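These notes are about the structure you will find just below.
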Amino acid sequence: MGHIDETKLNQLFFEIQSGNQTSFSEFYQLTKSLIYYTVLPIIKDSGLAEDLLQEVYIKLIENSEKKKAQGSMIAYIITIARHLAINDYKRRQKEALYDRQIMEASIGQKESIILDESPVIQKMYQLLNETDIEIVTQHVLNDLTFKDISTALKMPLGTVLWRYNQAIKKLQKGVASNEKN
């Protein structure tokens with residue numbers, strides 16, 4: 001996957017605002033991975049991340065007039081995706097807490113959270129916090145520049161670079177310790 005062309009995204013988004021459905025298809029193809037790997041570290045479930053994709057696109061279209069002309073399209077997409085994912089996660093946490101209380105009262109067992117099936121993704125969830133997972137996935141899987149990630153997360157560029165490097169070191173140590181066992 002190559003770097004996402006900000007100019008192309010802005011052009012497609014303008015065309016979508018003008019009602020061009022063909023542009024939406026291309027916009028979707030260019031941004032679906034970006035959105036998926038923005039919401040996955042937050043909600044920690046690949047199926048729910050897929051479902052949330054649709055909600056993000058609906059919200060993007062509904063709020064298209066709020067997008068600033070000179071603002072970063074990537075930052076705009078990530079901001080909307082993160083807000084929806086965080087809201088969805090909080091709602092599910094409340095529901096899960098209620099469900100767990102009922103389940104524990106009835107059978108006395110705790111429910112386990114099922115993460116994405118990939119062992120690498122599972123290792124990331126074990127070793128890294130949410131922000132570091134997001135930085136790593138956005139850079140490695142979505143090929144975003146650290147500058148784009150910095151803008152999207154409203155975090156200084158130096159902080160993003162430092163956190164990325166620390167996260168990679170943690171993952172390398174975690175994988176190496178697993179191979180010894």
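As the structure is a computational prediction, the values presented were derived from the model and not from experiment. Below, each value reflects all heavy atoms present in this structure, side chains not excepted, and no hydrogens, waters or symmetry copies.
Residue Q138 holds its CD atom at 5.0 Å from CG of L144, rounded to the nearest 0.5 Å. Interatomic distance, Y76 OH to N10 CG, rounded to the nearest 0.5 Å: 11.5 Å. In this structure, CD1 in I16 is found 8.5 Å from CG in L60, a value given to the nearest 0.5 Å.
With sequence neighbours left out, the side-chain hydrogen bond (donor to acceptor under 3.5 Å, both in side chains) criterion links E15 to Q11, S23. Applying the side-chain hydrogen bond (donor to acceptor under 3.5 Å, both in side chains) test to T159 and every residue at least two apart in sequence or in another chain returns nothing. Legend: residues meeting side-chain contact (heavy atoms from CB on, under 4.5 Å) with L157, ordered by chain and number and at least two apart, are F146, S150, L161. Partners of Y89 under the ring pair (Phe, Tyr, Trp, His ring centres under 6.0 Å) rule, at least two apart in sequence or in another chain, do not exist in this structure. Under the side-chain contact (heavy atoms from CB on, under 4.5 Å) criterion, T137 pairs with Y37, P41, M124, I133, L141, not counting sequence neighbours. Judged as a side-chain contact (heavy atoms from CB on, under 4.5 Å), and not counting sequence neighbours, the contacts of D5 are T7, K8. In this structure R82 satisfies the side-chain hydrogen bond (donor to acceptor under 3.5 Å, both in side chains) test together with E134, sequence neighbours excluded. For D88, the salt bridge (charged side-chain N to carboxylate O under 4.0 Å, His left out) partners two or more places apart in sequence, or in a different chain, are R91, R92. For K32, the side-chain hydrogen bond (donor to acceptor under 3.5 Å, both in side chains) test picks out Q29, with sequence neighbours left out. Listed by chain and residue number, L128, D132, V136 satisfy the side-chain contact (heavy atoms from CB on, under 4.5 Å) test with A167 (two or more places apart in sequence, or in another chain).
By the 4.5 Å heavy-atom criterion applied to side chains, L84 and V39 are not counted as neighbours. M155 has its side chain out of reach of I149: every pair of non-hydrogen atoms, C-beta onward, lies at least 4.5 Å apart. Between I78 and H83, every side-chain heavy-atom pair lies at or beyond the 4.5 Å cut-off.
The cluster map of Ile, Leu, Val, Met, Phe, Trp and Tyr, joined by side-chain heavy atoms under 4.5 Å apart, puts L127 and I42 in different clusters.
Listed by first and then second residue, the side-chain hydrogen bond (donor to acceptor under 3.5 Å, both in side chains) pairs involving residues 49-60 are T31-Y57 (not counting sequence neighbours).
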Step-by-step side-chain contact (heavy atoms from CB on, under 4.5 Å) determination, I74 to T151:
CA-CA 9 Å; I74 292 172; T151 303; over 6 Å; no

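The environment of F14 atom CZ is sparse: at most 12 non-hydrogen atoms of other residues, nucleotides or ligands sit within 6.0 angstrom.
Shown here for A85 and I43, the closest heavy-atom pair between the two residues is O-CG2, 3.5 Å.
A side-chain contact (heavy atoms from CB on, under 4.5 Å) with L34 is found for one member of V56, I77, D148 and no other, namely I77.
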